[in-house]
Amino acid sequence: MDVLTNKSIRFRESLVAVLLVVSLTGCGSGGGSVAGLVPTGKTATGSTAVGAGCRNTSYTPNFASGVDPATGQPNRLYHWNHFPLKLFIVSSPQSNSVLVQQAEAGFNWWVTGTSGLITYQVVNDPSQADITVDFENRGYTNYGAVTDYSVNSNGEVTRATITFNMTYLSTVANITPVAAHEFGHALGIAGHSSNPADVMYDGEATYSKTALSTADINTLFTAYCGYALEAPTAAQSFTERCVPPPR
């Protein structure tokens, strides 16, 4: 993984301290709010409250203000208002234990990369799920995976579904980097990086990734320190069709 900037390091050090307090008070296991997980007295710009001074340039490098090369539209940032997120993994003829383990390994890149800002737990009841993960044969759609998600007028993600298109991915030895890419969308990164070095780049380079980049992590930090820097005026739903088929 790339070396983090000093700003990111300071953020992560403060975050670890807050997470310890949350754990001791019992909020972590109960899923607490985002406000209980993000440092309330410190941001990269030195503001006195979360979101009060956070900018797209607070954690650099990032692609928060970039243009999605796949659509030509500006990237957007959203966030969940609670953790841990509850994941339901659909059992299907296209999935198996190896694929599920590889997918969870990709999700865990974000847990590790954010020092525990992002947490999730797998549930057996689909009605409890914040994020649903499915493995399907979608046919020759020209994308390897797709994430559908909805956000409210506060810029909070309210649900997400990640679908791996096994028509293509059945030939991929390890779908972990694809899972990491899609989980990034489900966590609130709407759009893509234009840099092939980033996991959130929408190209064949995704398949060769082994970890998040500094820019990937900083972009998510920006989403959660700024609290909907570009919140929609009304609830909306989005679809991210990603990762071209492997050759």
Side-chain angles (χ1 to χ4, degrees), residues 1-5 7-8 56-79 99 102-114 117-118 131 133 138 140-149 151 157 160-224 226 229-230 238-247:
M1 184 180 295
D2 297 341
V3 176
L4 293 177
T5 63
K7 292 177 179 179
S8 293
N56 282 345
T57 56
S58 293
Y59 300 98
T60 57
N62 70 60
F63 45 87
S65 298
V67 173
D68 185 348
T71 64
Q73 299 298 312
N75 289 334
R76 304 174 310 280
L77 298 178
Y78 305 114
H79 64 276
L99 288 171
Q102 291 178 352
E104 290 182 5
F107 303 157
N108 288 340
W109 285 8
W110 293 99
V111 176
T112 302
T114 61
L117 168 64
I118 302 304
I131 301 175
V133 180
R138 285 273 179 113
Y140 298 101
T141 57
N142 207 36
Y143 60 80
V146 59
T147 298
D148 300 289
Y149 57 96
V151 300
V157 187
T161 300
I162 296 171
T163 305
F164 298 104
N165 186 359
M166 300 311 297
T167 301
Y168 297 120
L169 297 184
S170 60
T171 63
V172 176
N174 190 337
I175 68 166
T176 293
V178 178
H181 180 108
E182 297 308 317
F183 203 49
H185 289 312
L187 291 173
I189 298 177
H192 294 95
S193 168
S194 60
N195 187 345
D198 300 331
V199 167
M200 296 308 297
Y201 175 76
D202 187 30
E204 289 187 54
T206 299
Y207 293 105
S208 63
K209 295 294 179 287
T210 58
L212 300 175
S213 70
T214 299
D216 290 319
I217 296 170
N218 282 341
T219 301
L220 197 71
F221 280 166
T222 304
Y224 282 82
L229 293 167
E230 297 181 31
F238 302 94
T239 297
E240 302 278 355
R241 296 179 177 86
C242 314
V243 190
R247 295 182 181 179

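The closest side-chain heavy-atom distance from Ile162 to His185 is not below 4.5 Å. Leu187 places none of its side-chain heavy atoms less than 4.5 Å from the side chain of Val157. Using a 4.5 Å heavy-atom threshold, the side chains of Leu99 and Met166 count as touching. Proximity of Thr141 to Tyr168: side-chain heavy atoms (C-beta onward) are separated by under 4.5 Å at one or more points. Inter-residue side-chain proximity for Phe63 and Asn218 is flagged as unmet; no heavy-atom pair is nearer than 4.5 Å. For the pair Ser194 and Val67, the minimum side-chain heavy-atom distance is 4.5 Å or more.
When all heavy atoms of Pro245 and Asn142 are compared, the pair lying nearest together is CD-O, 3.5 Å. Of all heavy-atom pairs spanning Val199 and Ala211, the tightest one is CG2-O, 3.3 Å. Listed here is the closest heavy atom pair of Trp109 and Ala105: CD1-O, 3.1 Å. Across all non-hydrogen atoms, the minimal contact from Asp202 to Pro244 is OD1-CD, 4.1 Å. Annotation for Val172 and Pro246: closest pair CG2-CG, 3.6 Å, computed over non-hydrogen atoms. The two residues His192 and Cys242 come nearest to each other via the heavy atoms NE2-SG, 3.4 Å.
Rounded to the nearest 0.5 angstrom, Tyr207 OH and Thr176 OG1 are separated by 13.0 Å. For the atom pair Ile175 CD1 and Ser170 OG, the distance stands at 11.0 Å (nearest 0.5 Å). Rounded to the nearest 0.5 Å, atoms CD1 (Ile118) and OH (Tyr224) are 4.5 Å apart. Between the OG1 atom in Thr222 and the CD1 atom in Ile217 there is a gap of 11.5 Å [rounded to 0.5 Å]. Between atom OG1 of residue Thr171 and atom CG of residue Leu169 there is a gap of 7.0 Å, rounded to the nearest 0.5 Å. The line from CG of Asn195 to CG of Asn62 is 12.0 Å long, rounded to the nearest 0.5 Å.
Evaluation of the ring-ring contact (aromatic ring centres under 6.0 Å, His included) rule for Tyr149 yields Phe238 as partners, not counting sequence neighbours. Checked against salt bridge (charged side-chain N to carboxylate O under 4.0 Å, His left out), Arg241 has no partners two or more places apart in sequence or in another chain. Listed by chain and number, the residues in a ring-ring contact (aromatic ring centres under 6.0 Å, His included) with Phe107 are Phe183 (sequence neighbours excluded).
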Original post:
Leu220 and Tyr59: side chain to side chain contact (heavy atoms under 4.5 Å, CB included), yes or no, with the steps?
Top reply: CA-CA 9 Å; Leu220 197 71; Tyr59 300 98; over 6 Å; no

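Side-chain contact of Thr161 with Asp148: a donor-acceptor pair under 3.5 Å is absent, judged by distance alone.
Looking at Asn165, its side chain never comes within 3.5 Å of a backbone N or O of Val146 through a donor-acceptor pair. Although no hydrogens or angles enter the test, the distance criterion places no donor-acceptor pair under 3.5 Å between the side chain of Asp198 and the main chain of Met200. For Glu240 (side chain) and Ala186 (main-chain N/O), no donor-acceptor pair under 3.5 Å exists by modelled atom type.
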